[in-house]
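Count residues from 1 along the sequence. All ligand and atom numbering here is 1-based and tracks the order in the structure. Given the structure is predicted, the values throughout are model-derived calculations rather than measurements.
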Amino acid sequence: MHLSSVEEKMLAGEEGYAVQKNMQILTALGDIFGADKMIPVSSVQVAGVSYYNLGDAGLEYLETLATTGAKARVKTTLNPAGMDLENWRELGINAEFARKQERVIRAFTNMGVIPSCTCTPYLVGNEPARGNHIAWSESSAVTYANSVLGAMTNREGGPSALAAAITGRTPAYGMHLEENRKPQVRINVETRLTVVPEFGALGYAVGKKIGPKIPLFVGIEAASVEQLKSLCASIATYGGTALFHMHDPTYLQNETSGETLTITRTDIEGALRALNDEASEVDFVALGCPHCTLEEIRRIAGLLEGRKVTREFWICTARQTMNEANKEGYVEKIRAAGAKFACDTCMAVAPLKGRFKVLATDSAKACYYGRGTNDFKTRIGSIDECVNAAVTGKWS
Ligand code: F3S
């Protein structure tokens with residue numbers, strides 16, 4: 001791989017241990033994937049923030065980097081942590097976990113990383129423009145950045161994204177090269193999708209069939225931010241793709257020469273059945289996977305007005321989004337009903353194993369982690385159905 005003279009100096013240790021170590025990570029990755037050079041990045045999103053996932057080894061790694069002078073050179077934001085950084089007690093997090101999680105966040109902030117702690121960085125000020133090269137490592141956000149924003153990023157791991165932040169570079173391979181971004185499978189969607197879980201079901205159905213190939217969706221007339229973020233999270237989780245095309249005139253005209261797949265109402269209903277376990281009672285309701293938008297919070301507040309929840313109910317969102325919702329009076333209404341905000345965290349990265357049995361959610365991705373990480377049974381439905389479940393404890 002060709003390195004510039006500045007990059008050679010980084011690798012030789014002339015900018016210190018932290019820069020050298022991270023340049024070694026990136027050159028190793030570039031060699032593995034056949035990159036011929038490094039490219040500058042304008043934005044980074046680092047996943048692997050929860051102490052639940054990092055453990056002591058991850059914490060030690062981050063603290064070593066922070067104390068040896070590592071500094072982010074570009075705008076760098078963080079994925080959700082294992083707890084609400086302010087209200088962790090209310091969410092039932094123990095003090096020992098909280099202390100460790102706070103050390104993780106301190107290490108990141110000492111490196112100049114913005115502790116946004118959200119998987120929707122594009123909603124809170126880290127929104128790259130079309131064609132920007134970036135290094136993001138939250139799979140739903142990666143797919144959103146590539147597919148909706150038109151930015152260019154590989155699906156980074158936490159350490160390689162952090163290395164990109166510290167060096168300002170990433171190896172030029174994969175999604176950074178135009179020739180690798182062409183659609184490979186045409187997906188004819190022959191049913192009208194309305195609510196968010198149906199977009200999650202679409203991601204499930206397509207992801208299971210095509211794996212990491214790049215789909216071109218045809219037949220979806222319009223999709224909201226909420227629907228798109230759900231599709232991005234689901235297709236990345238169940239298939240592994242980092243990019244899809246939809247409403248992109250370049251590819252609608254050129255189309256794909258290869259495979260075609262048709263999705264009908266039967267496929268969507270089959271996916272929803274697969275994501276729903278047999279359980280008529282729920283004890284945990286969580287919305288906001290990926291993190292809730294202001295519009296979703298507005299809707300939840302409206303549905304909860306004058307009602308009381310009887311089950312643990314988390315609204316997962318970015319702290320900045322909750323602050324905006326607070327100005328609109330939504331937070332007060334939600335809290336008056338007994339529901340809780342889970343800012344900076346989510347139902348998948350908080351330490352919840354053993355606390356609940358049945359999760360109700362509107363997110364196909366939350367079902368995956370609810371089952372896999374926490375052994376929950378899952379029920380998936382619209383926001384309305386989830387709010388009803390939080391109030392009645394029943395899934396109907
Ligand atoms: Fe975000 Fe957690 Fe879902 S990080 S995409 S809310 S699993």
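Checking V142, N132, V41 one by one against T153, the side chain to side chain contact (heavy atoms under 4.5 Å, CB included) holds for a single residue, V142. Here the rule is side chain to side chain donor-acceptor pair (under 3.5 Å) with D344, and of Q101, R319, H291 only R319 fits it.
Taking the side chain as every heavy atom from C-beta outward, L231 and T143 never approach each other to under 4.5 Å.
Residue contacts with ligand 1 do not include S139, since none of its heavy atoms lies under 4.0 Å from the ligand. Proximity of A366 to ligand 1 is not established, as no heavy-atom distance is less than 4.0 Å.
N22 and T167 form no side-chain donor-acceptor contact under 3.5 Å, judged by distance and modelled atom types alone.
Considering only non-hydrogen protein atoms, atom 3 (Fe) of ligand 1 sits nearest to C289 SG, 2.3 Å. Atom 5 (S) of ligand 1 has its closest protein heavy atom at K365 NZ, 3.4 Å. Regarding atom 7 (S) of ligand 1, its nearest protein heavy-atom neighbour is A348 CB, 3.5 Å.
Because the distance cut-off is set at 2.8 Å, C119 qualifies as a neighbour of atom 1 (Fe) of ligand 1 through one of its N, O or S atoms. Inclusion of C346 in the first shell of atom 2 (Fe) of ligand 1 is supported: an N, O or S atom falls under 2.8 Å.
Relative orientation of the F284 and F356 rings is parallel, given thresholds of 30° and 60° on the angle between their planes. Between Y238 and Y368, the ring planes lie perpendicular to each other; the angle is over 60°, past the 30° to 60° tilted range. In this structure, Y122 and W136 have parallel ring planes: the angle between them is below the 30° cut-off, well short of the 60° mark.
Atoms of ligand 1 found under 4.0 Å from any heavy atom of S140, numbered from 1 in the order shown, are 5 (S). Less than 4.0 angstrom separates some heavy atom of G288 from each of these atoms of ligand 1: 6 (S).
Using a 4.0 Å cut-off between heavy atoms, P80 contacts ligand 1 through its side chain alone, with no backbone atom that close.
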